[in-house]
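What you are looking at is a predicted structure, and each value in this text was computed from that prediction instead of being measured.
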Amino acid sequence: MGPRNATADVAVIGTGITGLSIAWAVARLGMRVLLVGPHSHAGKASVAAGAMLAPFSETPAGDHPASAPAEVAHRAAARARYDDWLPRLRAASGHSVTLVDGLWLVATAHGAGDLEALEVAARAARDHGGCAEPHPPSQVPGLAPARTCPAHAALWLAGEASIDSGELMGALTCLLLSHELVWWADTTTVALAEGSTGGDGPVVIRCADNERYQAERIVLAAGSATGALADALPDLDLRLPPILAGKGVSLVVRDTGFALPTTVRTPVRRFACGAHLVPRAGGAAYLGATNRLTPPGETSIDPALEEIITVVQSVGDELNTGVYHRELTGVSVGHRPYTVDHLPLVGPTGDPRVLAATAAYRNGVLLAPYIAELIAGHLSGEHPLDGHPWRPTRTIAAPSLQEALHDRLPTLIDVLLPAEGVTAPWHQDLQALLDVAARHLIGSPDDPRWRSLHRLWNQAPVIEALPVLLRAVRDIPPAGPATTPAPPSVSTKEDALVPAARTETVPAAARPRWQRHRNTPFGVTLSADGTADLAELPPQWLKHLLLAEHLILLRGFTGAETCDQFEDFACALGEPVIWADRPAMSVVAKTEPDDHVNDTGFMPIHWDGMYKPDTPDIQVFQCLRAVDTAQSGGATLFSDTTEVIADTAPDTLARWKTLTFRYQRPLAEDMISRTCPLVVDHPHTGQLTLRFTEPVPEGTSILNPPHITLETAPEGCDPAAIMRQLRDALYDPRHMYAHRWQVGDIILADNRALLHTREPYPPGTDRHLLRVHIKIAKTSGPDDTPPARTGRPPRLRVDSAGM
């Protein structure tokens, strides 16, 4: 293009992937193009994007505009355009742009709607002639999630792909900087104004460097900044709807340390994008991504630590724990532009000289060449966009806050709860509590404390605003002086043994010196201030609490500084089972292990004493040395089988009650074995529990592995399928608590209700626990009077080591 005082045929405002693609498409028509925007792409969604060409895996489940057949058809057409557009770009720019075909979509335990999302994606792909092949998660290359977040299903989408966004932006930038019909003004547009000839003449572009340019037609492709720019144009009536910004943070690691031939991701989640693991050149990988509504006026290009942690944990737990140990080489931030109805803005605005091309949201890279073609067709007059469903002047209906809260409260719970899950009753209680708060918010628009929340909703009436509103509630001042709730009264009920009662009895004398917190998804923590002694916890009360909660973590208590003190505390709970020469047994890896119990690798889930006729009732652990927080592994995993049974369909449970397993494994020179029904009654509460140990996964080798045989079962039962079903249920995050040890921690575990194992950890790691097994008699009621400490009771002698 000519000098600055020339009038361009078209000015493209914005230098993200959409703006660059439009500039190239328009220049190919022979028009003179003014491209306005920084050469640097900091803060643009394009550079932070995983750049997945994913028309089907980006299809949200449920009633959502982006799920409509017409929208899927647009995305499918955009994917098809790449097959011709990308080779042209490579040839024209002389740059290599990497594209990796295929994508794995994985449903995990973290996403409540993941399985439905896989079905939606598969149906969308097949409706458009694409490939959608279901596979077991074990066949997904690079998938190795945390054991507490198993994958449930996988879908191979051969027609989808990923592209290196950095290479893509580099190729377009190089091409346009040297293009004879493109003038690139490395500045920022601050306003548009009428030219000297009025409403039918060129539009003046005023820039931050005080330069002025003119163009016959304008294309606004400034991403999330488009709305602010439009608001600063008093001379032009554009009638653009609000344009919001979803802040995305992504990471790049230098080397994955594992094979990642193609993209592995989870589905689009409510309020979020899911977890993405995308291959990059040289063995590097892209980890993404967050999706946080950025309130109007806030456009931070810096990541928050919490956002980085969210990406790492999401990708690490759900896709591959190996990323926790890789070297971080880059962090990118971008703001995805989107509208209230989540559909793009493409075509003429209220002023026919000004077109919009923005708000592609999570599909910016996919849609860019397609949108560029639409804009070029309109400018040439061959394919006007005045009636297109993406036209910027369309009517967009915004839901009321009441409608949004009513429809989305159940899904908002999924965002608030931790990845490990929570038991169903607490899930329902939290939803009910939020519902009460929501009704108060909706019914109090004139309360000055709530006005800022109503104002935020009026600015951004989209579901992504709901988590932001919730966080804003924390800053609302209280209505009056705060009050301290009275402590709960001490219960004297003698028969509260059944866990459904969830006994809340607390010894009054100890209450000021320690606090109780509920663990997720089960169990409780008694956390002391460093001055409370274990002697303040009555053994009878502890036993009742344990039978109700199934696991108790004691942290910060004194009184177990020596092995004798620890044994005294444990033996006050009942009769110890002696495995060696004293109640306490060391649980520590050996340099030359003779069994997988003394190793650091895989351990099957099991119950202690499973090969003995007399099962211990309580496990009491104490941590002497813990795996360093900088290392992975070493957690003890507890699965509550009573919760597994509560969440099991009645017909499945009826089938489980007919099953009997035989367990065998070598130990020293003997073969030990036991036959046991799968479903048994808890001897102290009467609850149904499961007794099971899992087979060693294929490809894993351990010392003295167990051999499991399904001895009694209805005709036609598939033993392998039954074992997979049980393993999936036991490792379901709703049922499994993963305890990361700290030195001094003491855990009491109900060995009848729970099964347990531990995560593998690096050989040579200094991890040491003490463990005491306790048999208890039938208990009476809680005792709030701490008994005097006595010596250890007589010991039950068992000659050989147990599990």
Where at least one partner belongs to residues 181-190, residue pairs that pass salt bridge (charged side-chain N to carboxylate O under 4.0 Å, His left out), sequence neighbours excluded |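 Found none.
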
Can you pull the salt bridge (charged side-chain N to carboxylate O under 4.0 Å, His left out) pairs that have at least one residue in residues 81-100, sequence neighbours excluded?
->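 Matches after skipping sequence neighbours: R79-D83, R81-E373, D84-R88.
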
Grab the two heavy atoms, one from [X] and one from [Y], that are nearest each other, plus how far apart they are.
X    : Y    : answer
G248 : R336 : CA-NH1, 3.6 Å
A49  : S165 : O-OG, 3.3 Å
P392 : P241 : O-CD, 3.3 Å
G316 : V323 : CA-CG2, 3.6 Å
V72  : A124 : CG1-CB, 4.0 Å
V252 : A284 : CG1-CB, 4.4 Å

Hey, does [Y] have a side-chain heavy atom less than 4.5 Å from the side chain of [X]?
X    : Y    : result
L385 : P348 : yes
L29  : D9   : no
Y213 : V203 : no
N320 : V315 : no
T339 : L244 : no
L176 : W24  : yes
L86  : I163 : yes
W183 : V33  : no

Who are the side chain to side chain contact (heavy atoms under 4.5 Å, CB included) partners of S314, not counting sequence neighbours?
->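 If we apply the side chain to side chain contact (heavy atoms under 4.5 Å, CB included) test to S314, skipping adjacent residues, the hits are A275, E318.
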
Can you list the residues that meet the side chain to side chain contact (heavy atoms under 4.5 Å, CB included) rule with A80, with sequence neighbours excluded?
->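 Not a single residue meets the side chain to side chain contact (heavy atoms under 4.5 Å, CB included) criterion with A80.
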
Got a donor-acceptor contact below 3.5 angstrom from the [X] side chain to the [Y] backbone?
X    : Y    : result
W184 : G37  : yes
D164 : E167 : yes
T290 : V249 : yes
T189 : A191 : no
T226 : L220 : no
T393 : T349 : no

Which is it for L172 and S21 under the side-chain contact (heavy atoms from CB on, under 4.5 Å) test, yes or no, and what are the steps along the way?
-> CA-CA 7 Å; L172 281 166; S21 300; 4.0 Å; yes

Derivation and outcome, side-chain contact (heavy atoms from CB on, under 4.5 Å), residues L177 and H39 | CA-CA 9 Å; L177 283 172; H39 291 171; 3.7 Å; yes

Is there a side-chain contact (heavy atoms from CB on, under 4.5 Å) between V365 and Y82 once you walk through the steps?
-> CA-CA 10 Å; V365 175; Y82 258 91; 3.5 Å; yes

Going by side chain to side chain donor-acceptor pair (under 3.5 Å), name the residues that satisfy it together with [X], two or more places apart in sequence or in a different chain.
X    : value
S250 : none
R394 : D341
E327 : R254
E58  : R265, R362

Please list all pairs passing the side chain to side chain donor-acceptor pair (under 3.5 Å) test where one or both residues lie in residues 125-136, with sequence neighbours left out.
->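 Side chain to side chain donor-acceptor pair (under 3.5 Å) check on residues 125-136 returns E133-H135, H135-Q139.
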
How would you list, by chain and number, every residue that makes a ring-ring contact (aromatic ring centres under 6.0 Å, His included) with H74, sequence neighbours excluded?
->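 H74 satisfies ring-ring contact (aromatic ring centres under 6.0 Å, His included) with Y370, H388, W390 only.
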
Partners passing ring-ring contact (aromatic ring centres under 6.0 Å, His included) against H378 (at least two apart in sequence or in another chain) =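 By the ring-ring contact (aromatic ring centres under 6.0 Å, His included) rule, H378 matches no residue at all.
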
Pair R326 + D255, salt bridge at N-O below 4.0 Å |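 Salt bridge between R326 and D255, a charged N being under 4.0 Å from a carboxylate O: yes.
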
Using only heavy-atom distances, determine whether the side chains of N291 and Y338 contain a donor-acceptor pair under 3.5 Å.
->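 No donor-acceptor contact under 3.5 Å links the two side chains.
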
T59 versus R75, side-chain donor and acceptor atoms under 3.5 Å =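 Judged by distance alone, the side chains do pair up.
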
Any chance you could measure [X], atom [atom1], to [Y], atom [atom2], to the nearest 0.5 Å?
X    : Y    : atom1 : atom2 : result
L53  : L103 : CG    : CG    : 9.5 Å
Q313 : T321 : CD    : OG1   : 13.0 Å
I13  : L192 : CD1   : CG    : 6.0 Å
R391 : L355 : CZ    : CG    : 14.0 Å
L168 : L20  : CG    : CG    : 8.5 Å
S138 : R724 : OG    : CZ    : 9.0 Å

Please table the atom pairs, donor to acceptor, closer than 3.5 Å between any side-chain atom in residues 151-162 and protein atoms at least two apart or in another chain.
{"unit_1": "E160", "atom_1": "OE1", "unit_2": "S57", "atom_2": "OG", "d": "2.7"}
{"unit_1": "E160", "atom_1": "OE2", "unit_2": "F56", "atom_2": "N", "d": "2.6"}
{"unit_1": "E160", "atom_1": "OE2", "unit_2": "S57", "atom_2": "N", "d": "2.9"}
{"unit_1": "S162", "atom_1": "OG", "unit_2": "T263", "atom_2": "OG1", "d": "3.3"}

How are the rings of Y286 and H276 set relative to one another: parallel (under 30°), tilted (30 to 60°) or perpendicular (over 60°)?
->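 It falls in the parallel class, under 30°.
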
Would D114 and T108 count as a side-chain contact (heavy atoms from CB on, under 4.5 Å) if you check the C-alpha gap in whole Å, the side-chain angles of each, and the deciding distance to 0.1 Å?
-> CA-CA 7 Å; D114 277 11; T108 78; 3.9 Å; yes

